[in-house]
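Remarks on the structure that follows.
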Amino acid sequence: MKRIYIQIAAFLSCLALWSCESMFENEVPPHDLVGENAIINETSAEVALNGIYSYLGGYGSMSSLYIIYDEFRAGLLEGGNSDKDDQLLLGNIESEEDMCINPWQTAYQLINAANNFIYNVEKLSESAFGEGRKTEMLAEARFMRAFAHTMMLKRYGYFFDINHELGALMRMEPSSLSNNNKGRSTVAESYRLIFEDYDYAIKYGATFTDCYHACATTAKAFKADLLMNRGQEGDYTEAIRLADEVLKSPEFELDSTFAGIFEKGYESKELLFSRALTTLPTPGENNSSIYNYLGQGTYRASEKFLEYFPEEDARFKTTLDSMEVDRGSGRIEKRFVWAKHFVADGNCPMWYMRLSQMHLIKAEAMLYTGAPTADILEELNVLRRRSKNTKLKEEDYQDMESLQRLIFTENLREIGMENGALFYLAVRTKINNIRLLQELNSNYDNDNKLVFPIPDGELDHNLDIEQKPL
C-alpha cells in the first residue's frame with residue numbers, strides 16, 4: 001500500500017481539481033482537458049483509480065464518523081455530551097453542522113473523481129490497456145461511485161420509502177458549471193442507478209486481489225446489503241442468491257475464531273472491503289480517528305447496547321473492554337469501550353463489509369421469504385459455533401417477532417460498532433408496524449428524523465436541490 005500512496009501523491013494536484021475540493025464554491029475546472037492530460041494509458045489510469053480510493057483513507061467521515069453517527073442515532077453509544085451528540089440522539093440535526101457537511105463533501109469528491117475516471121477511461125482505446133483491464137478498472141470506479149451514492153441515499157435520502165420523491169443527489173457525470181444545478185432523484189430512481197453500477201461491477205469486476213480494492217464478489221455483497229434496505233418484491237430472494245454466491249466464493253472465508261478476525265486485521269480473509277491506513281494515530285493526534293473515538297473511550301457502549309449483549313456471550317470480551325473512571329468522592333464508574341478498535345502498528349481496518357454479514361443478511365432475507373425457522377437459525381448458528389456460543393433452538397423462536405429480535409441481537413453482537421449497519425437494520429425492521437429503532441431510541445418517532453438535512457452550502461450553490469422537511 002505504501003507504493004500506492006507514493007503513486008497517488010504526484011497525481012493529487014490533478015485529482016483535487018477533478019474532485020472540486022470546494023464543493024460549494026462553483027469553482028469547477030473543465031474536466032475534459034484535465035482528464036485527457038492525466039489519463040492516457042493503463043499506468044496513468046491505475047494512479048487515477050487509486051486516487052478514487054484515497055478518499056476512504058482519512059479518519060473522519062468515511063471511517064470513525066461513518067460508524068459513530070449511525071450507531072449514536074440508534075441509541076447504542078454514550079459519550080461526548082456535546083451539542084452535536086444531542087442533535088444525533090434527538091434526531092434534530094442542523095444543516096450547518098460538520099456532521100452534515102463533511103460526509104457530503106467527501107462523498108461527492110469521491111463521486112466526482114469516479115465520474116472523471118469513467119468519462120476519460122471510456123474514451124481510451126482498448127489497446128491502451130492489457131487484455132480486459134480497461135473494463136475491470138471501469139468496474140472498480142463504478143463500484144466506488146455506487147458505494148458513495150449508497151452512503152448519500154442512506155444518510156440524506158428517504159431510503160426506507162420507495163415511493164418518496166427525496167432520494168439521493170445522483171451525479172453520474174463529471175462536475176462542471178453547466179450541470180451544477182441538479183435536483184435529487186426519487187428514491188426509486190436512486191436505487192435503480194446505484195444497482196446499475198453494482199451490476200456492472202459484478203459483471204465485469206476482477207477477482208479479489210486485496211481488501212483495499214473492489215472485486216466482483218465485493219460488489220455482490222454490497223448489492224445484497226442494499227437490497228435489504230429497498231425491500232421490494234424479489235429483493236429478498238435476490239439478496240439470498242447473492243449472499244450464497246459470496247459465501248461460496250473461494251476468495252473469502254470465515255476466520256476460525258471470532259477474536260482472530262480482529263487480531264489479523266487487514267490480513268483476515270473475512271474482510272471484504274476496507275480503507276487503507278498504514279500509520280496508527282497516537283492519542284490526541286487526530287480526534288476523529290477510530291482509535292481515539294472508540295478505542296480510547298470517547299464514545300462508550302450505552303446501557304441499551306449492553307442490554308442486548310450480556311457478558312456471558314463468548315464475543316463480549318473481544319468486542320468490549322472495561323475501563324474505570326474516578327468520578328470523585330470515592331465513586332468509581334465502570335465504562336465499556338471497544339476492544340475491536342485497540343490496534344497496533346497501523347493495522348486498523350475499516351470493516352465496511354466482512355463475510356459474516358452475508359450470513360446475517362441471508363438469515364434476515366430468509367425470514368421475509370418464509371423460509372423454515374430451522375434454516376434461518378442455521379445461518380446464525382454458523383457464526384455462533386465459530387464464537388463458541390450455545391446453539392439456537394427452533395422451539396425458542398416460534399413467531400416472526402421473536403426471529404426479528406433475534407436477528408437484530410445477533411447483528412449487534414457479531415458486527416456491532418463496525419460499520420453503522422445496526423441503525424439501518426433497526427429502521428427497516430418493523431414489529432407490529434413500529435420501527436425497532438423507536439425501542440432503541442424513542443426520539444426517532446418521526447420518519448423525517450431518519451434523514452440528515454442537505455448542507456447549507458449545497459443549497460446556496462445548487463438552486464435545483466430540495467431540502468427535506470424539517
**Study point:** By side-chain hydrogen bond (donor to acceptor under 3.5 Å, both in side chains) - contacts of Glu140 (at least two apart)
**Key:** Tyr53
Revision key, fill the gap. Hits for ring-ring contact (aromatic ring centres under 6.0 Å, His included) against His359, two or more places apart or cross-chain, chain-then-number order -> none
Study note, to complete from the structure: Those residues at least two apart in sequence (or on a different chain) that pass side-chain contact (heavy atoms from CB on, under 4.5 Å) with Asn432 are Glu401
Point to revise | side-chain contact (heavy atoms from CB on, under 4.5 Å) against Met400, all qualifying residues, sequence neighbours excluded | key: Leu367, Tyr368, Gln404
Exercise for review: Check the side chains of Ser356 and Arg386 for a donor-acceptor pair under 3.5 angstrom, ignoring hydrogens and angles.
Suggested key: yes
Review point. Taking Ser54 for the side chain and Gly51 for the main chain, is one N or O donor matched with an acceptor at less than 3.5 Å?
Key: yes
Practice item. Can you sort out the partners of Lys269 under side-chain contact (heavy atoms from CB on, under 4.5 Å), two or more places apart, ordered by chain and number? Key: Glu253
Exercise for review: May I ask you to decide if Leu463's main-chain N or O and Asn181's side chain share a donor-acceptor pair within less than 3.5 Å?
Suggested key: yes
**Study point:** Test side-chain hydrogen bond (donor to acceptor under 3.5 Å, both in side chains) applied to Thr409 - qualifying residues, sequence neighbours left out
**Key:** none
**Study point:** Donor-acceptor contact present, side-chain Asn411 to main-chain Leu360, <3.5 Å
**Key:** no
Check your understanding: Side chains of Arg73 and Asn441: donor-acceptor distance under 3.5 Å anywhere?
Key -> no
Check your understanding: Please walk me through it: do Glu245 and Lys223 pass salt bridge (charged side-chain N to carboxylate O under 4.0 Å, His left out)?
Key -> CA-CA 12 Å; Glu245 290 187 5; Lys223 182 180 180 182; over 6 Å; no
Practice item. Mind telling me whether Phe143 and Tyr198 have parallel, tilted or perpendicular rings, with 30° and 60° as the class edges? Key: tilted
**Study point:** Side-chain donor or acceptor of Gln232 paired with backbone N/O of Arg230 under 3.5 Å
**Key:** yes
Check your understanding: For Gln357 and Asn419, does a side-chain donor sit closer than 3.5 Å to a side-chain acceptor?
Key -> yes
Check your understanding: Below 6.0 angstrom between ring centroids: does that apply to Phe336 and Phe305?
Key -> no
Study note, to complete from the structure: For Phe147, the ring-ring contact (aromatic ring centres under 6.0 Å, His included) test, sequence neighbours excluded, returns Phe222, Phe273, Tyr352
Review point. What pairs with Glu165 under side-chain hydrogen bond (donor to acceptor under 3.5 Å, both in side chains), at least two apart in sequence or on another chain?
Key: none
Check your understanding: Hey, what's the ring geometry for Tyr158 with His164, parallel, tilted or perpendicular (30° and 60° as the breaks)?
Key -> parallel
Check your understanding: So which heavy atom on Met152 is nearest to which on Ala107, and how close?
Key -> CE-CB, 3.4 Å
Practice item. Applying salt bridge (Lys or Arg N to Asp or Glu O under 4.0 Å), name anything that partners Glu97, two or more places apart in sequence or on another chain. Key: none
Practice item. Taking side-chain hydrogen bond (donor to acceptor under 3.5 Å, both in side chains) as the test, write out the residues that go with Thr318, two or more places apart. Key: none
Point to revise | Partners passing side-chain contact (heavy atoms from CB on, under 4.5 Å) against Asp225 (at least two apart in sequence or in another chain) | key: Lys154, Met353, Ile361
Exercise for review: Taking salt bridge (Lys or Arg N to Asp or Glu O under 4.0 Å) as the test, write out the residues that go with Arg315, two or more places apart.
Suggested key: Asp313, Glu410, Glu414
